[in-house]
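Contents: one structure, followed by commentary.
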Number of protein chains: 2
Amino acid sequence: MDKKKRVTSYDVAKAAGVSQSAVSRVFLKGRSVSKKTREKVLTTANELGYKPNAIARMLITKRSGMVAVILSSRANINYPEVLSLLNKRLAECNERVLLFNLDDSEGLDEILEQIWTFQVDGVIALAAHFDNESIEKFKDHNIPVVLYNRVVLGQTASSVCVNHEQGIFQLVTLLDKQAHKDYLVLAGPTESDVANERLECAIKALSAKGHKDVPILYGDYSYDSGKQAFHQWMKDNKAPTAVVCSNDPMAIGVIDEARRNWGLRVPEDLSVVGFDGVSAVAWHSYQLTTVKQPLELMTKAAVDILLEQIETPDNPAQLRVWSGSLIEGNTVGPANPKT
Amino acid sequence: MDKKKRVTSYDVAKAAGVSQSAVSRVFLKGRSVSKKTREKVLTTANELGYKPNAIARMLITKRSGMVAVILSSRANINYPEVLSLLNKRLAECNERVLLFNLDDSEGLDEILEQIWTFQVDGVIALAAHFDNESIEKFKDHNIPVVLYNRVVLGQTASSVCVNHEQGIFQLVTLLDKQAHKDYLVLAGPTESDVANERLECAIKALSAKGHKDVPILYGDYSYDSGKQAFHQWMKDNKAPTAVVCSNDPMAIGVIDEARRNWGLRVPEDLSVVGFDGVSAVAWHSYQLTTVKQPLELMTKAAVDILLEQIETPDNPAQLRVWSGSLIEGNTVGPANPKT
DNA sequence: TTGTAAGCGTTATCAG
DNA sequence: CTGATAACGCTTACAA
């Protein structure tokens, strides 16, 4: 009694006195089965504990019901909601998430091969290290891809994005209105496309307001890197009056460093803005002014677009861009240079 | 040129002038193939862009190479590292993560059926709503389960846990040494087993130090719920001198609320401890005293145990428990009751 | 509406 | 070492 063989549609068929295909039809939507046999099959299936084997189904239908989600550890740790929301939306559409972690570009080819062998229906890519060549490979394999917050130059794949340019422009405008002149930009890791885009947007926005040659510091998106970058700068330079950070944790790091080690009050002496709208920005000790990504809308759209591409692969790629919403915290004040 | 049919082992066999089974053997480890045919097959496979079809392999080998990870949104958002670490470890062992989200118990049965149809090799469960009955179902289906931070009474499934009792005892001891007498316990959501266990441990530890009938507040593990719970308490009651919180974000909420709205200094007037050791506890504005879970060790063990159960299903279930490490921040000070 | 039979693309078995 | 051939458990024409 311990060698429990899996019960198949044949077993059910035999027990119910019908053909195997009848059993199969009962478990498929929109197939013509008489009420009588349906009930007969359903009850015996229940007795035997039969559940259709998804693997066998995948093999014949050539649809796996799985979507590969490629992300980096950093992406998941900074935006855990994204994965949860994607998963939930996909589950509603009867697709499961098969997870792939891509932290350094070395493993990329290996991951692509894996994805290919698993016959996934589509791919959603959030990873930083993801070049255009790889995107082309998916095209070659006829497997639809949706990029999340990743701009493509050639526009061969669909993507959903937050409008970095508009969001950062809003933040810079806010600072500019307060008559700030001494700016600092704290950028993210140079390997990240998103980080580079945010940096460019910051430079462009500042430039549009007449602030050229703003010094640029680099961090890795972490709190500590924000602290450290600001510390390094302050050791050798005069304090800025405004810091434009490429994400929220770094901005919070800058705030803590400024307050703790350099006697700067925020926002009286120093204004700081972030980006993303993570939950901690609302914490009372910070109340960071930032721009929030509409994650629910973006994830929903990513799934919708992907499913559309799965159903009708010949539809052209599309790009959808959302404006972020400004969160006015308490970290922006009038310029007040320390002399 | 656009109807790209997938290339199969037959195509490669024909092109290379060998049998289909020869091709198959080349792509399997430890199969005897002559050097000559191996090379021949490998090069033509490369030319044609052949990759074995994992689905077909699953069907015949009855191993899917996939592990179901069941988690709640809250779990992923509070402990995003756990999923990343699990995924990385599993990938090293050639297992992929198939994700299942379980937020309310209503969908449980549905998810279990899905998991069953996907023929996953094993399950790692981090979800809060996961009763013993469900665990039994996996046993019935012969599919190994490892529970993550979830105690089982019957001990029919393996599990890895942080030692809540020991960790909380350390924290309470720290407070007791500072002569605190007026305690408050801030517990997590009552639906969560982990939350309930932490609450029990707190009561037990306080009781062991002679502090009986400590008032208990409830939150949902979020920053806001910590703020709010403390606010409610303070409206009608005298300030405690020490708050034992069931996780870090709630503790940080308590700190902010105490400082902002009740003029309490931390740690001079109020001591606060948390649990988990999330990254924000190190932020300078808080520097929370807490206990950190050894996530790397725990996730590694979860995977190791699961794989062992997959290889040798008759091995008995095992429980592994780790002590958390005390992080002494700056939120515990001598008792100093405000009169 | 039902049953028969032909796949889907592998791996496993067993002669040669 | 190699090549037939039989599974694996399902879906899907096709014929009845």
Side-chain angles (χ1 to χ4, degrees), chain A residues 3-42 44-45 48-66 94 113-114 116-121 141, chain B residues 4-42 45 48-66 94 113-114 116-121 141:
Chain A
K3 269 276 168 273
K4 258 184 209 167
K5 289 245 340 171
R6 186 172 218 292
V7 13
T8 75
S9 53
Y10 274 98
D11 303 329
V12 178
K14 202 187 296 172
V18 297
S19 78
Q20 180 269 334
S21 38
V23 178
S24 173
R25 279 191 280 260
V26 169
F27 285 90
L28 291 169
K29 288 187 196 296
R31 242 35 89 98
S32 59
V33 194
S34 76
K35 201 172 197 170
K36 206 170 80 184
T37 55
R38 152 162 284 125
E39 278 171 11
K40 196 163 45 180
V41 166
L42 239 35
T44 58
L48 301 181
Y50 168 75
K51 295 281 144 44
N53 181 330
I55 306 294
R57 176 180 293 165
M58 293 177 200
L59 189 57
I60 187 76
T61 60
K62 290 155 174 304
R63 252 193 88 158
S64 63
M66 302 190 292
N94 271 314
E113 286 197 7
Q114 286 247 13
W116 175 237
T117 69
F118 271 94
Q119 313 273 95
V120 296
D121 299 333
H141 290 320
Chain B
K4 257 184 211 170
K5 288 242 341 169
R6 184 172 220 292
V7 13
T8 75
S9 53
Y10 274 99
D11 304 330
V12 177
K14 202 187 295 172
V18 297
S19 77
Q20 181 272 334
S21 29
V23 177
S24 173
R25 277 192 282 261
V26 168
F27 285 90
L28 291 170
K29 288 188 195 295
R31 245 29 94 97
S32 58
V33 193
S34 76
K35 200 170 199 171
K36 208 169 80 183
T37 54
R38 152 162 283 126
E39 278 172 11
K40 196 163 46 179
V41 167
L42 239 36
L48 301 182
Y50 167 76
K51 294 281 144 43
N53 182 330
I55 306 295
R57 176 181 294 165
M58 292 177 200
L59 188 58
I60 186 76
T61 61
K62 291 154 174 303
R63 254 193 87 159
S64 63
M66 301 190 293
N94 271 312
E113 287 197 7
Q114 285 247 13
W116 175 237
T117 69
F118 271 94
Q119 312 273 96
V120 297
D121 299 333
H141 290 320

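Only this structure's heavy atoms are used, side chains among them; waters, hydrogens and symmetry mates stay out. Per chain, numbering begins at 1; letters A, B, ... match sequence-line order. This one's a predicted model, so the numbers in the text were calculated from it and none came from an experiment.
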Check: Do A/L42 and A/V26 come close enough that some side-chain heavy atom pair is under 4.5 Å?
Finding: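 Counting from C-beta outward, A/L42 and A/V26 do come under 4.5 Å.
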Can you tell me how far [atom2] of [N] sits from [atom1] of [X], to the nearest Å?
| X | N | atom1 | atom2 | answer |
| --- | --- | --- | --- | --- |
| B/M58 | C/dC8 | CE | P | 19 Å |
| A/R25 | C/dT1 | CZ | C1' | 8 Å |
| A/R57 | C/dC8 | CZ | P | 19 Å |
| B/F118 | D/dC10 | CZ | P | 14 Å |
| B/Y50 | C/dG9 | OH | C1' | 8 Å |
| A/I60 | C/dA5 | CD1 | C1' | 12 Å |
| A/Q20 | D/dT11 | CD | P | 8 Å |
| B/K29 | C/dT10 | NZ | C1' | 17 Å |

Base, sugar-phosphate, or nothing for [X], non-hydrogen atoms under 4.0 angstrom?
| X | value |
| --- | --- |
| A/S32 | base |
| A/R63 | nothing |
| B/L28 | sugar-phosphate |
| B/R38 | nothing |
| B/S24 | base |

Is [X] near enough to [N] that one of its side-chain N or O atoms lies under 4.0 angstrom from OP1 or OP2?
| X | N | value |
| --- | --- | --- |
| A/R31 | D/dT12 | yes |
| B/T8 | C/dG9 | no |
| A/S9 | D/dG9 | no |
| B/S34 | D/dT2 | yes |

If you check every side-chain atom of [X], which of [options] has the closest atom?
| X | options | value |
| --- | --- | --- |
| A/K62 | C/dT1, C/dG9, D/dC10 | C/dG9 |
| B/V18 | C/dT2, D/dG3, D/dC10 | D/dG3 |
| B/V33 | D/dG9, D/dT2, D/dA7 | D/dT2 |

Next item on the list: Ignoring hydrogens and angles, tell me if any N or O in the side chain of A/S9 forms a donor-acceptor pair with the backbone of A/S24 under 3.5 Å.
Entry: no
Notebook entry, point to check: Is any side-chain N or O of B/S21 under 3.5 Å from a base N or O of D/dT5, one able to act as donor and the other as acceptor?
Noted result: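 Flag unset: no donor-acceptor pair detected.
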Next item on the list: Take A/Q114 and B/N94 through the test side-chain contact (heavy atoms from CB on, under 4.5 Å) and record every step on the way to the result.
Entry: CA-CA 10 Å; A/Q114 286 247 13; B/N94 271 312; 4.0 Å; yes
Margin query: Looking at every heavy atom in both A/R6 and A/P52, which two are closest together, and how far apart are they?
Written below: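 Shortest heavy-atom contact: NH2-O, 4.5 Å.
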Next item on the list: Evaluate the ring planes of B/Y50 and B/F27, with Trp represented by its six-membered ring, and classify them as parallel (under 30°), tilted (30 to 60°) or perpendicular (over 60°).
Entry: perpendicular
Check: For B/N53 and B/T8, what are the C-alpha separation, side-chain angles and deciding distance, and is it a side-chain contact (heavy atoms from CB on, under 4.5 Å)?
Finding: CA-CA 8 Å; B/N53 182 330; B/T8 75; over 6 Å; no
Next item on the list: Let me know, please, whether A/F27 or B/L59 comes out on the 5' side of the other along DNA chain D by nearest nucleotide.
Entry: B/L59
